[in-house]
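Please read the structure below before turning to the comments.
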Amino acid sequence: MTDKEDPKQGKENRGTSKMVCGYPLSIFFIVVNEFCERFSYYGMRAVLVLYFKYFLRWDDDLATSIYHTFVALCYLTPILGAIVADSWLGKFKTIIYLSIVYAIGQVAMAVSAIHDITDSDRDGTPNNMTFHVVLSMVGLFLIALGTGGIKPCVAAFGGDQFNDHQERQRRTFFSVFYLCINGGSLLSTIITPIIRAQNCGIYSQQKCYSLAFGVPAALMGVALVVFIIGSGMYYKAEPQGNIMLDVCKCIGFAVKNRYKHRGNKYPKRQHWMDWAEEKYDKLLIAQIKMVLKVLFLYIPLPMFWTLFDQKGSRWTLQATTMDGNFGLLVIQPDQMQTVNPILILTLVPIMDSVIYPLIKKCGLNFTPLKRMTVGMLLAATAFVCAALVQIQVDKTLPTFPLTSQSQLKLLNMGSNPITVKLPGNDPLNLPAAQASDKYLTFEAGTISISVGNPEIMKTISLAKGQRQTLLIPSTITDEWLLTDDLTSKPQEGNNEIRFVNGMNTAVNVSTPGANIGLIEPLYFSNYSKIKNGKATFTLQSGSQSCEYSKDFGYGSSYTFFIPSTLVFGSNCQESITAVEDIQPNSVSMALQIPQYFFITAGEVMFSVTGLEFSYSQAPSNMKSVLQAGWLFTVAIGNFIVLIVAELAKLPKQWAEYVLFASLLVAVCIIFSIMAYFYTYTDPAEIEAQFKKSINEDDEDDKSKLQMAEVEMIKRDSIKCHDEEDQAKQTKM
């Protein structure tokens, strides 16, 4: 066969792909398919933890746990996908069938986020949350099965399209392929958070999670259609059997045989895998030994992924308590994840062309395992940065009451200053139409309050675990009202506001995007959500009106008091009192950039190097086995997050970050010791030696067989002569 001849030609499953610029036309369908699929996956995943927290109303720990369970499943199912493709369906059919499953899962997620389906009272909140939870969990399971199942197939299927003499084109394809992965990830983490931040709905306007999931679902449909269109052009290799199953069977036989021959009466063997020699080829056993040697090094690696994958969970939740205003640019909390792919596209060429050559020129032997060790330390540094940022954020967060406590704020609705005496506190002077600066905390459920001179005493019953505001009327003998205040930061960076009407006439308050409505005299409105930016409120009482405007940040809560002395007109702005109940997020999201830089630098040194190391140390026919092992470490890392999130229950989030960083440093020390004793091998050389030894044994066997045949011929010849002699003697 000449170099130009293609062993794939002439087969029925070859396809009819044309060549464009030296490349099979079929690979363009595969590249577009991968871009759309990665957009679909990362776009859905970018908003997932916020969907759990703000739509399904789960707390931070449960949202984090389910998120990492999903990610872990996405990295476990590739093993199943590889087995199905190699042993049963083949890569093409596996991609088609699991992409259909994948698309159904994405559609299920989009439908689960439509609040109007079960919002029977049309208040914007689903009334049957069980429906949404069950449908979303089914959708996530199907997505994990689909994305994980096709993960080991698409790249390999693309590589199958090239002939043996197209090695350069194949390398270019893989470069473009991985560029599409990062491009899809980058674009989706920019676009889907923007879609999520919009309001949509049939009966009531809420955050548009349904469209944020619907766009990835549409992209997955496009990916499937594009892949099917190229069907007639593909080379579709038949399933050749799965080496992972052979490896598992060989290891199982070795363990079983070793257990069967335990005891001193059986001679020991150099390696426990040698107990498989009775049934399996020595070359296969030697290859498995090389794989097990690398897999042993994988044991500490899940701890890195434990930290790395929290970008999409804990760090996104951290960003919800921060200020995303960068001046000309406003960043959504889930958009901060775009820093990772941007830095990857920047750091990979810098590392390869600048950092590593510079280290080599300095005479340092920066081996792959040393790079991975440094990568783990960089990830730990990232979490130290996250802890420092969290400490700054905590300083700006309000201290809410415990379940055994009550908090109270006072608002003087009168036009004269008053003095209020509260148990356990100094006398409090309240100017006219002003509120106390802070909430006061009380352990007792009932307190006595005295106001004015002469003093008038009132007994107030406070709600445990709640914040309340006491509205003190201008006429002290009138009814005193208690309002229920917020006991958590407003969600998704929104602001919550309400108005208190201190006038003797009803006032209607309106603003675009919120319906505050008519407020009765000496009463208060419900809370309304307001986006960040400038908002203008129109106050109307009869034929009189007033416009009041205020700039809002993120995550604040205000009570606006309309005094009885308000004069309607153009100068009413300064008459209204703004009481800040919860201050806006003041720590900039820019402070998260250092932690993203360190975790991404760690990823480049750990993940990219780890894949290269695994490939170089794997036997030629077992690279998929080590790839499965590598993905398995990612899954285990996400399960570790579940364990820590559910069991640690640390009261402060910064303490959890420090715990993760400490665990990774400890694991890094163990890994560095293991790496010190690791001996690099050349699998190709070892395989060649085994094949040479087998060939020599075969030649010896052949020569022995030939010698035996000569001996038999000689013996037959002698025997024939003896028989002839005996016959001659008889005749004589």
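This is a predicted model, so every value here is computed, not measured. When reading the values below, keep in mind they use all heavy atoms of this one structure, side chains included, and skip hydrogens, waters and symmetry mates.
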Please determine, by modelled atom types, if D323 and Y554 share a side-chain donor-acceptor pair under 3.5 angstrom. no

Is there a donor-acceptor contact under 3.5 Å linking the side chains of Q653 and D60? no

Chi angles and distances behind the salt bridge (charged side-chain N to carboxylate O under 4.0 Å, His left out) call for R314, D61: CA-CA 9 Å; R314 290 296 197 203; D61 287 341; 2.8 Å; yes

For S556 and E580, which I'm curious about, is there any donor-acceptor pair between the side chains at under 3.5 Å? no

Within 45° of the axis and under 6.0 Å from the centre of the six-membered ring of F308, does NZ or CZ of K311 qualify? yes

One should read off an interatomic distance between W305 CH2 and I640 CD1, to the nearest 0.5 angstrom, of 13.0 Å

Measure the acute angle between the ring planes of F213 and Y51, then classify it against the limits of 30° and 60° as parallel, tilted or perpendicular. perpendicular

Polar side chain donor-acceptor pair, R38 to T147, under 3.5 angstrom: yes

Tell me whether the NZ or CZ atom of K550 lies within the 45° cone about the ring axis of Y558 and under 6.0 Å from its centre. yes

State plainly whether the residues D485 and R498 are in salt-bridge range, i.e. N to O under 4.0 Å. yes

With the threshold set at 4.0 Å, does a side-chain nitrogen-carboxylate oxygen contact exist between R196 and D334? yes

According to the interplanar angle, ranging from 0 to 90°, do the rings of F499 and F560 count as parallel (below 30°), tilted (30 to 60°) or perpendicular (above 60°)? tilted

